[in-house]
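One structure is given here, and the rest of the page talks about it.
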Amino acid sequence: MSDSWGQPIAVFSTWFVCTVLASWTAALAYRALHRRLALLTPENRNALQVLIALMPVVLAGVATLWVFQPVLAFALLPEHCHGSVCSPHEPLVAIDSLGGIALTGLGALALGCCLALFVANLMRGRRQQQLLDYLSRSEEGYRIVESSSLQAWCLGLWSPQVYLSSDAVKLLSPSELRVVLAHEYCHVLRRDNLRRLLLSVATLLWPPGSRRQLQRGFALSTEQVCDKGASVAVGDSGLVSATIGRVASVQSPQVVARQQALHLGAVYQRALKVWVLVALLWAVQFIALLVAAHLLLEGLLPVESV
């Protein structure tokens, strides 16, 4: 394999190793912190869920750039030599070996899946929004879709739009309608659809069970944050709770959790300890990735001589 291709492939392989290791570590960390997160306010829980989800992607990229800066990387790497060469160096790997080809292929497949998932969601969302825009009529600040069910939702990534079913407009009282609109406008301002998509793509290499757990937790905390936003907007948490119950088709555990969150207030525990734990996790993960990326690559794809 030519030298011109060797360096980019080495970088790409390092990124893939880092991403896989960081994804599984982040998944284990989320499972370990899950009970602690449940005791925090929805705002803190939601922000920490995003930080944990994005940690593998961010740290894998930073660690990959760092490990190819030998002087910087060797300050954190254990001393090791290749023959008589013990000075700082980039990972010395045989990318054109069978292991290198397999590793690069798996990395390319993972990256392709991530990009395909992102693009597919973008296209599907755009088609859905175009169809709904065609089938709906515009009101001041939202659009109405003919439907016999009580529904309200926010659709779109870059320019989100609020949609209400025609029965929601007819059957909800003016005060309940204000609650629903305040909740959906909160999703618009926070760009929650885009955040949900980024979280889904960033956790693609997580174990499936942990990924589903995080996605469910993020969906719940997102709804709770916007419930509180609606409560502040209308000045009546009881009205918001009642509206949630009326709009929901069934009294599911998620609906109950949303209603309870409006009344817990001081019951939530302080988030400082969990924020510190997540910050330490980022720091330890970064150092571990530097060591693993360099030494593991050299172990898996050793060069014959230096």
Side-chain angles (χ1 to χ4, degrees), residues 37-50 125 128-129 131-133 135-197 199 215-269 271:
L37 290 172
L39 302 175
L40 305 181
T41 63
E43 294 85 354
N44 277 297
R45 196 179 341 123
N46 192 259
L48 286 165
Q49 286 164 337
V50 171
Q128 289 176 343
Q129 191 164 12
L131 178 61
L132 282 175
D133 286 346
L135 297 175
S136 62
R137 64 181 187 273
S138 178
E139 292 291 337
E140 187 175 355
Y142 59 93
R143 300 187 68 87
I144 299 176
V145 179
E146 290 297 329
S147 174
S148 59
S149 59
L150 290 177
Q151 288 186 329
W153 66 97
C154 172
L155 186 63
L157 297 174
W158 313 115
S159 300
Q161 177 67 52
V162 174
Y163 296 86
L164 271 67
S165 66
S166 54
D167 268 26
V169 177
K170 293 176 184 176
L171 301 178
L172 293 177
S173 67
S175 57
E176 290 172 331
L177 190 58
R178 285 199 301 272
V179 169
V180 170
L181 289 174
H183 177 98
E184 297 304 328
Y185 289 149
C186 183
H187 285 308
V188 170
L189 292 174
R190 285 167 43 87
R191 294 291 192 274
D192 280 330
N193 291 336
L194 181 58
R195 286 152 56 93
R196 189 177 294 108
L197 175 57
L199 184 139
Q215 289 177 325
R216 287 194 300 266
F218 179 75
L220 176 59
S221 63
T222 297
E223 293 302 315
Q224 289 173 330
V225 169
C226 289
D227 290 338
K228 292 185 70 174
S231 179
V232 172
V234 302
D236 188 345
S237 59
L239 174 62
V240 175
S241 179
T243 304
I244 292 172
R246 184 172 184 195
V247 173
S249 56
V250 293
Q251 196 72 359
S252 65
Q254 186 185 51
V255 170
V256 174
R258 288 174 60 185
Q259 292 173 321
Q260 290 176 341
L262 290 167
H263 306 293
L264 288 178
V267 174
Y268 289 118
Q269 294 187 1

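We number each residue from 1, following the sequence as shown. Values reported hereafter were calculated over all heavy atoms of this structure, with side chains retained and with hydrogens, waters and symmetry mates removed. Keep in mind that this is a model prediction, so the values were computed, not measured.
Under the 4.5 Å side-chain criterion, counting only non-hydrogen atoms from C-beta, Glu184 is not in contact with Val188. With a 4.5 Å cut-off on side-chain heavy atoms, Gln224 and Glu43 do not count as touching. Side-chain contact between His187 and Pro160: absent, with no pair of heavy atoms (C-beta onward) separated by less than 4.5 Å. Residues Gln215 and Leu199 form a side-chain contact, since some pair of their non-hydrogen atoms from C-beta on lies under 4.5 Å apart. Considering only heavy atoms from C-beta on, Arg246 comes within 4.5 Å of Leu172 through its side chain.
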Working for side-chain contact (heavy atoms from CB on, under 4.5 Å), residues Val247 and Val179: CA-CA 11 Å; Val247 173; Val179 169; over 6 Å; no
Stepwise side-chain contact (heavy atoms from CB on, under 4.5 Å) test for Val180 and Tyr142: CA-CA 11 Å; Val180 170; Tyr142 59 93; over 6 Å; no
Derivation of the side-chain contact (heavy atoms from CB on, under 4.5 Å) call for Gln259 and Val255: CA-CA 6 Å; Gln259 292 173 321; Val255 170; 4.1 Å; yes
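The distance from atom SG of Cys186 to atom CG of Leu181, rounded to the nearest 0.5 Å, is 13.0 Å. In this structure, CD in Gln49 is found 4.0 Å from OG in Ser221, a value given to the nearest 0.5 Å. The distance from the CH2 atom of Trp153 to the NE2 atom of His183 is 13.5 Å, given to the nearest 0.5 Å. In this structure, CZ on Arg191 lies 9.0 Å from SG on Cys154, to the nearest 0.5 angstrom. For the atom pair CZ of Arg143 and CG of Leu164, the computed distance is 12.5 Å after rounding to the nearest 0.5 Å. In this structure, CG in Leu197 is found 12.5 Å from CZ in Arg195, a value given to the nearest 0.5 Å.
A donor-acceptor contact shorter than 3.5 Å is absent between the side chain of Ser165 and the backbone of Val145. One N or O on the side chain of Arg45 and one on the backbone of Leu37 form a donor-acceptor pair closer than 3.5 Å. Ser231 contributes no side-chain N or O that, together with a main-chain N or O of Asp227, makes up a donor-acceptor pair within less than 3.5 Å.
Judged purely by distance below 3.5 Å, without hydrogens or angles, the side chains of Glu176 and Thr243 never pair a donor atom with an acceptor atom.
Put simply, the residue from Asp192, Thr41, Asn46 that forms a side chain to side chain contact (heavy atoms under 4.5 Å, CB included) with Val225 is Asn46.
Pairing each heavy atom of Gln161 with each of Gly141, the nearest pair is NE2-O, 4.0 Å. Of all the heavy atoms in Asp167 and Ser149, the pair that sits closest is CB-O, 3.9 Å.
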